[in-house]
Protein chains: 2
Amino acid sequence: MKLNEPRMFYAQVLILICLLASSCAMNGGSTQNGTLTIKEQGSFAAGGTVITSPGEFDPKNLSATGGQTLHGDHLYTFYQIPEDARQLPLVFWHGYGQFSRTWETTPDGREGFQNIFLRRNFPVYLIDQPRRGNAGRSTQPGTIAAVPDEQKWFNIFRVGIWPDFFPGVQFSQEPESLNQYFRQMTPDTAPININVNAEAVAALFDKIGPGVLITHSHSGGMGWVTVLKSDKIRGVVSYEPGSGFIFPEGEVPPSMPSSGGTLKAESVPLVDFMKLTKIPIIIYYGDNIPAEPMDNPGQDQWRIRLDMAKLWVEAVNRHGGDATVVHLPEIGIHGNTHFPFSDLNNLEIADLMSDFLKEKGLD
Amino acid sequence: MKLNEPRMFYAQVLILICLLASSCAMNGGSTQNGTLTIKEQGSFAAGGTVITSPGEFDPKNLSATGGQTLHGDHLYTFYQIPEDARQLPLVFWHGYGQFSRTWETTPDGREGFQNIFLRRNFPVYLIDQPRRGNAGRSTQPGTIAAVPDEQKWFNIFRVGIWPDFFPGVQFSQEPESLNQYFRQMTPDTAPININVNAEAVAALFDKIGPGVLITHSHSGGMGWVTVLKSDKIRGVVSYEPGSGFIFPEGEVPPSMPSSGGTLKAESVPLVDFMKLTKIPIIIYYGDNIPAEPMDNPGQDQWRIRLDMAKLWVEAVNRHGGDATVVHLPEIGIHGNTHFPFSDLNNLEIADLMSDFLKEKGLD
């Protein structure tokens with residue numbers, strides 16, 4: 001560099017400054033594989049109840065329950081707010097037998113929706129629902145059996161028909177992936193109570209303000225109930241809702257039989273149902289769901305759920321709503337299990353969700 | 001600026017570049033209240049066992065257990081590795097009835113040791129031990145009673161003598177703090193098994209390599225057992241270890257009675273005990289621990305634990321070890337409860353731990 005060429009030097013320095021400044025600015029957001037920049041993170045309990053034993057507390061006799069309290073039936077959430085955060089947080093709610101791990105690291109060790117959507121600048125809240133995982137303290141007693149059942153879940157979660165994986169399934173066949181997959185289950189510490197769960201999630205939204213609810217499987221139906229209880233939910237993304245489809249009174253479709261059980265829809269007053277017509281809703285189902293009845297119960301129970309979801313979306317839209325059901329193979333995305341968001345193609349699945357959020361003005 | 005003064009301009013530009021570069025470099029670490037820069041974060045299960053039901057799996061009858069497996073008794077960990085990370089990760093292990101929340105947000109909503117030590121550039125692993133919280137899936141069945149017992153814990157954790165707080169206690173008296181505090185408990189999903197827990201934590205260290213173990217209360221004693229099982233633990237910081245003090249055979253002190261129960265030391269072969277003499281160990285106890293017997297069991301049980309810890313440290317050092325017990329009031333730090341790391345003065349408590357790590361070359 002010749003210092004007697006100040007203009008050229010000035011230009012070069014400007015480029016250097018711009019490069020440095022843009023490197024700083026990039027840290028302010030987050031890149032696909034680089035550093036996550038977290039403005040705030042932490043955990044808290046939301047919702048729940050308190051029971052108190054009759055009598056008076058005796059500090060000399062700590063094992064006597066008189067006058068003692070029990071706080072339980074809350075949810076637990078760990079949240080992270082990235083720098084340059086978008087306005088609406090995403091609240092992720094796991095499915096049956098699962099906990100926050102659903103959204104964290106995938107069974108094969110890649111990033112889950114937690115990191116993916118932090119990188120896309122969304123505040124992310126991961127829930128453990130009441131009586132599950134870190135929200136295990138309940139006002140109701142519980143009994144937990146230790147029953148081997150993982151081949152059942154392998155089949156119901158449509159990874160394959162044990163011990164075979166479905167051809168082309170979006171699930172790593174490394175043994176450690178299955179090991180991690182099975183260990184991402186955790187039992188209920190007390191009986192599941194849909195109302196308790198929905199109240200706790202509504203209490204979370206009361207605390208954090210408006211946001212988008214993302215549900216999976218069993219939390220799908222509980223998510224609809226939560227929308228009835230909270231006016232803070234601005235949209236719902238539901239992966240493979242499994243039960244709890246609620247229809248207006250008088251519009252409930254007949255129960256649907258399958259070789260994996262019968263699915264019964266439920267009814268609510270129309271005035272409540274109408275709340276589901278005020279927000280955008282999208283539902284996704286993965287692959288290996290049969291179109292016709294079959295005798296493999298692991299798969300067949302999803303045939304009726306997909307059918308019921310289609311009827312449900314029709315009902316919502318018939319009443320002026322904005323609901324969509326996407327059967328992934330029909331848009332050319334193949335091999336997804338019951339957990340599309342942690343499958344091998346979960347970045348593609350995340351892109352679909354991003355597109356939905358953008359299209360509905362939720363980003 | 002005059003472009004015909006290139007040297008002066010050059011100096012000014014250099015200063016600007018340095019300012020920008022140092023701003024980038026600061027993002028690379030993390031500031032006390034600013035952004036956390038996380039290079040990697042995720043969760044996984046470590047350790048555990050598998051049981052298999054006799055018989056053959058029948059995909060047509062999913063509720064039959066024949067040939068089905070159960071993966072359980074692992075630990076769950078959520079980890080974060082900051083940018084410019086120090087070499088040795090910190091592995092944080094909660095106490096009795098607790099889970100990772102212990103180290104996350106404090107009851108009054110401030111940052112816990114998770115964030116504090118991420119800001120100090122340590123990789124941080126938070127454990128839920130086997131059969132607790134998110135690691136609830138066990139190969140053993142469990143029964144959970146819903147027994148009001150929180151005033152007992154208020155007293156045993158030395159927040160005060162219910163309903164009174166200790167004068168000057170380092171605990172917020174806002175009602176929401178107590179609400180969060182009680183809800184940071186979660187029950188065992190199956191019986192506690194010290195060996196299962198120590199094996200799982202040893203498996204975690206096998207996976208992540210050498211690090212420092214930080215224990216609290218019940219995990220204190222399990223931490224000593226883990227040191228016997230793992231050569232990857234480079235140091236231990238133990239907050240208020242409550243039981244499980246292990247001494248060499250023939251050197252076990254007599255049991256210690258208190259109005260809050262009797263504390264019994266345990267024996268291990270000298271060759272095992274010697275592993276505890278190879279690494280630096282520090283133990284901290286908080287305030288409101290009586291020097292003489294008293295009839296409040298919530299406090300008195302800590303008198304004997306502090307006494308036992310002193311004997312234990314003497315035994316470790318007698319055999320060539322490097323162990324220290326710090327009774328916080330004796331160094332002028334007052335008001336700490338059983339949870340010094342989440343008390344109101346937890347930054348001061350963190351500074352003590354940082355000093356220890358630095359002094360022992362563990363940072």
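Letters A, B, ... mirror the listed sequences (proteins, then strands); counts begin at 1.
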Taking atom types as modelled and ignoring hydrogens, do the side chains of [X] and [Y] form a donor-acceptor contact shorter than 3.5 angstrom?
X: B:S258; Y: B:Q301; value: no
X: A:D73; Y: A:S138; value: yes
X: A:S177; Y: A:S172; value: yes
X: A:Q129; Y: A:Y76; value: no

| query | Is the ring centre of B:W153 less than 6.0 Å from the ring centre of B:Y96? | reply | yes
| message | In this structure, is the centre-to-centre distance between the rings of A:F154 and B:F57 below 6.0 Å? | response |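 No, too far apart.
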Can you tell me which portion of [X] sits under 4.5 Å from chain A's heavy atoms? Options are side chain, backbone, both or neither.
X: B:E176; answer: side chain
X: B:N155; answer: side chain
X: B:I156; answer: side chain
X: B:F44; answer: both
X: B:N179; answer: both
X: B:D295; answer: both
X: B:A190; answer: neither
X: B:Q140; answer: backbone

| Would you say A:S342's side chain and A:T106's backbone share a donor-acceptor pair under 3.5 angstrom? |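 Looks like no, no N/O pair under 3.5 Å.
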Residues [X], [Y]: salt bridge by 4.0 Å N-O rule:
X: B:R131; Y: B:D188; answer: no
X: A:D108; Y: A:R110; answer: yes
X: A:R183; Y: A:E150; answer: no
X: B:R119; Y: B:E83; answer: no

At a 4.5 Å cut-off on heavy atoms, which part of [X] comes close to chain B: side chain, backbone, both, or neither?
X: A:Q98; value: neither
X: A:F182; value: both
X: A:Q80; value: side chain
X: A:S100; value: side chain
X: A:D128; value: side chain
X: A:T139; value: backbone
X: A:Q114; value: side chain
X: A:A64; value: neither

Option that, when pairs with chain A are counted at under 4.5 Å, heavy atom only, ranks first among [options]:
options: B:G136, B:G66, B:S259; answer: B:G136
options: B:S53, B:A45, B:G42, B:P107; answer: B:A45
options: B:Q180, B:H71, B:K152, B:E40; answer: B:H71
options: B:T186, B:T143, B:I144, B:V50; answer: B:I144

Taking [options] one by one, which has the highest count of heavy-atom pairs under 4.5 Å against chain B?
options: A:G298, A:G72, A:G109; value: A:G72
options: A:Q184, A:E104, A:R132; value: A:E104
options: A:H74, A:R101, A:M185; value: A:H74
options: A:L70, A:N134, A:T105; value: A:N134
options: A:N115, A:T69, A:D58, A:I38; value: A:T69
options: A:A135, A:S43, A:A146; value: A:S43

| query | If you measure from CD1 on B:I127 to CZ on B:F92, what distance do you get to the nearest 0.5 Å? | reply | 10.5 Å
| So how far is it from A:R158 CZ to A:W302 CH2, rounded to the nearest 0.5 Å? |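 Answer for the CZ-CH2 pair, A:R158 versus A:W302, is 6.5 Å.
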| message | Taking NZ in A:K60 as the centre, count heavy atoms belonging to other residues, nucleotides or ligands within less than 6.0 Å. Is the count above 12? | response | no
| message | Can you confirm whether B:E174 is buried at CD, in the sense that more than 12 heavy atoms of other residues, nucleotides or ligands lie under 6.0 Å from that atom? | response |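 12 or below, so no.
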